[in-house]
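Below, chain A is the first sequence line, B the second, and so on; all start at residue 1.
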There are 2 protein chains.
Amino acid sequence: MSEDFPLTIGQLANQAGVHVQTLRYYENEGLLVPSARTAGGQRRYSRADCQRLHFIRHAREFGFSIEQIRELIDLAAQGNRSCAEIDAIARRHREDVRRRIRLLRELETELDRMVDECAGGRVTECRVLEVLGNHDLCRTDHGHAGESSEPT
Amino acid sequence: MSEDFPLTIGQLANQAGVHVQTLRYYENEGLLVPSARTAGGQRRYSRADCQRLHFIRHAREFGFSIEQIRELIDLAAQGNRSCAEIDAIARRHREDVRRRIRLLRELETELDRMVDECAGGRVTECRVLEVLGNHDLCRTDHGHAGESSEPT
DNA sequence: CTCTTACCTACAGTCACTGTAGGTTCAAGC
DNA sequence: GCTTGAACCTACAGTGACTGTAGGTAAGAG
């Protein structure tokens, strides 16, 4: 299952469960530059590169942005400093997640009312269309709950 | 406050609280084609156009995608049909919202553990970095909670 | 008739990838 | 050493729902 280091891009992608293009993208973004290349220009990833990728992937699963991960990696490299800045990034992200949950729950409430009140007749008397056409039928000021393009 | 119809793009944008470019984008997408243009080529929006925009904006606030809104408008135009398809779109969307809430709550749990356990010392002993570097420290299989690029 | 404001089209940028085209390198088998 | 096929390379376009910009045109007031 485990292969010898250094790994090719395909071996690393396979091991980490990401696409080859994703690794090239991370390199472009300066997150994961392979520690070597062959004479012919092919990427070779060391064990440290591999650990770094796992850190990046895990942080992505936690919903941190590429930019935040870049900051985390930069801060992590200065082991002697206080970890206050790292904590601040994580706390800010948690606030963001909480805010998104709040907005989505308001949205769910409105969707529940809309869907449950529709008696299922003709289109002309559809409650869903009625609610969408008239903001006064909403209980909460759901304002901008669903439309922002923020990640889940 | 209210202006006479037909409205210019700027007047309509102002009234609806969207950017002028957004209206041009909706036209490109076939969602809101103004019912007239001046001899010089400037857009003029009727009262019906205005109502349609409010429908679109409200649906966007509900988190429906442009594609879903296109379908809703198409279905709404066939007033005599059963509204089952409209309900289905709304129900599917509600399921999606619920799934996103579930994933975000798992994420919040992990972030809570991570942030709360960090004692705030040096970077080298930072719990946040430790958790991100080692998936075994997670309680749940948060897998793909935070990384998908779905809208809030 | 001028001036300013608002409008026009067309295109690039956002985010975190994903997909494609067209060409090159590597490692294995002969 | 040579051939073959898989994996690799770069560069660029596309996703969704906008937002921002450049360079030019129309409308309406004075």
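Residues satisfying the salt bridge (charged side-chain N to carboxylate O under 4.0 Å, His left out) criterion with B/E85, sequence neighbours excluded, are B/R81. Every residue two or more places apart in sequence or in another chain that forms a side chain to side chain donor-acceptor pair (under 3.5 Å) with B/D49 is listed here: B/S35, B/S46.
Counted by atom type alone, B/R57 and B/Y26 present one or more donor-acceptor pairs between their side chains at under 3.5 Å.
Within residues 46-53 of chain B, no residue approaches DNA chain D, by heavy-atom distance under 4.0 Å. Residues of residues 87-95 of chain B having a heavy atom closer than 4.0 Å to DNA chain D: none are found.
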Practice problem: Start with the C-alpha distance between B/I73 and B/R52, add both sets of side-chain angles, then the distance that settles side chain to side chain contact (heavy atoms under 4.5 Å, CB included), and finish with yes or no. | Solution: CA-CA 9 Å; B/I73 288 175; B/R52 184 152 172 163; 3.3 Å; yes
Exercise. With side chain to side chain contact (heavy atoms under 4.5 Å, CB included) as the test, would you mind laying out the steps for B/F55 and A/N134 before giving the verdict?
Key: CA-CA 7 Å; B/F55 179 92; A/N134 184 358; over 6 Å; no
Practice problem: Carefully, step by step, assess B/E117 and B/V128 under the rule side chain to side chain contact (heavy atoms under 4.5 Å, CB included). | Solution: CA-CA 8 Å; B/E117 283 177 10; B/V128 172; over 6 Å; no
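Between the side chain of B/R127 and the backbone N or O of B/M114 there is no donor-acceptor pair closer than 3.5 Å.
Applying the ring-ring contact (aromatic ring centres under 6.0 Å, His included) test to every pair with at least one member in residues 99-123 of chain A, sequence neighbours left out, gives no pairs at all. For residues 66-88 of chain A, no pair satisfies ring-ring contact (aromatic ring centres under 6.0 Å, His included), with sequence neighbours left out. Contacts classified as salt bridge (Lys or Arg N to Asp or Glu O under 4.0 Å) and involving residues 6-19 of chain A (residues at least two apart or in different chains) are not found. Identified under the ring-ring contact (aromatic ring centres under 6.0 Å, His included) test for residues 85-113 of chain B, with sequence neighbours left out: B/F64-B/H93. The salt bridge (Lys or Arg N to Asp or Glu O under 4.0 Å) contacts involving residues 7-24 of chain B comprise nothing, where partners must be two or more places apart or lie in separate chains.
Distance from the side chain of B/V20 is smallest to C/dC7 among D/dT10, C/dC7, D/dA17. Distances from the side chain of B/R60 to the nucleotides D/dC8, C/dC17, D/dA17 place D/dA17 closest.
In this structure, CZ of A/F64 is placed 13 Å from P of C/dA16, rounded to the nearest angstrom. The nearest whole Å value for the distance from the CD1 atom in A/I9 to the C1' atom in C/dT18 is 14 Å. In this entry the distance linking OH of B/Y25 with C1' of D/dT15 reads 10 Å, nearest Å. Rounding to whole angstrom units, CG of residue A/D4 and C1' of C/dA27 are separated by 15 Å. Atom-to-atom, CG of A/L23 to P of D/dC8 comes out at 10 Å; the value is rounded to the nearest Å. C/dC17 atom C1' lies 10 Å from atom CD of A/E29, rounded to whole Å. Atom pair A/L12:CG and D/dC8:P shows a separation of 10 Å (rounding to whole Å applied). Whole-Å rounding puts the A/N14 CG to D/dC8 P distance at 9 Å.
Ion pairing between A/D116 and B/R94 holds under the 4.0 Å rule for side-chain N and carboxylate O. Between A/D96 and A/R100 there is a salt bridge, with a side-chain nitrogen of the basic residue lying less than 4.0 Å from a carboxylate oxygen of the acidic one. Here B/R122 does not pair with B/E125 in a salt bridge; the nearest charged N to carboxylate O distance is not below 4.0 Å.
OP1 or OP2 of D/dC8 has not a single side-chain nitrogen or oxygen of A/R44 nearer than 4.0 Å. For B/T22 and D/dA17, the shortest distance from a side-chain N or O to OP1 or OP2 is not below 4.0 Å. Of the side-chain N and O atoms in B/R43, one or more sit less than 4.0 angstrom from OP1 or OP2 of C/dC8. For A/R57, a side-chain nitrogen or oxygen approaches OP1 or OP2 of C/dC17 to under 4.0 Å. Applying the 4.0 Å criterion to OP1 and OP2 of C/dC15, one finds that A/R70 has every side-chain N and O outside that range. OP1 and OP2 of D/dA17 both lie 4.0 Å or more from every side-chain N or O belonging to B/Y26. Between C/dT25 and A/T38, no contact under 4.0 Å exists linking OP1 or OP2 to a side-chain N or O.
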Give each protein N/O atom lying under 3.5 Å from an N/O atom of nucleotides 1-6 of chain D, with the pair distance.
none

Could you go through nucleotides 21-25 of chain D and list every protein N or O atom that sits under 3.5 Å from one of its N or O atoms, giving the distance for each pair?
none

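For A/R105, the CZ atom counts as loosely surrounded, since its 6.0 Å shell holds 12 or fewer non-hydrogen atoms of other residues, nucleotides or ligands.
Nearest-nucleotide assignment on DNA chain C puts the 5′-proximal partner with B/T8, out of A/S65 and B/T8. Annotation: of the two residues near DNA chain C, A/E67 and A/G41, the 5′-most nearest-nucleotide partner is A/E67.
Each of B/I56, B/L72, B/I86, B/I69 was evaluated against A/L132; a single residue qualifies, B/L72, per the side chain to side chain contact (heavy atoms under 4.5 Å, CB included) test.
Each end of the helix from C/dC1-D/dG30 to C/dC30-D/dG1 gets its own axis, taken as the rotation carrying the C1' atoms of four end pairs onto the next four within a five-pair window, and the two axes meet at 30° to the nearest 10 degrees.
Under the 4.5 Å side-chain heavy-atom criterion for grouping Ile, Leu, Val, Met, Phe, Trp and Tyr, B/L107 is connected to B/I101 within one hydrophobic cluster.
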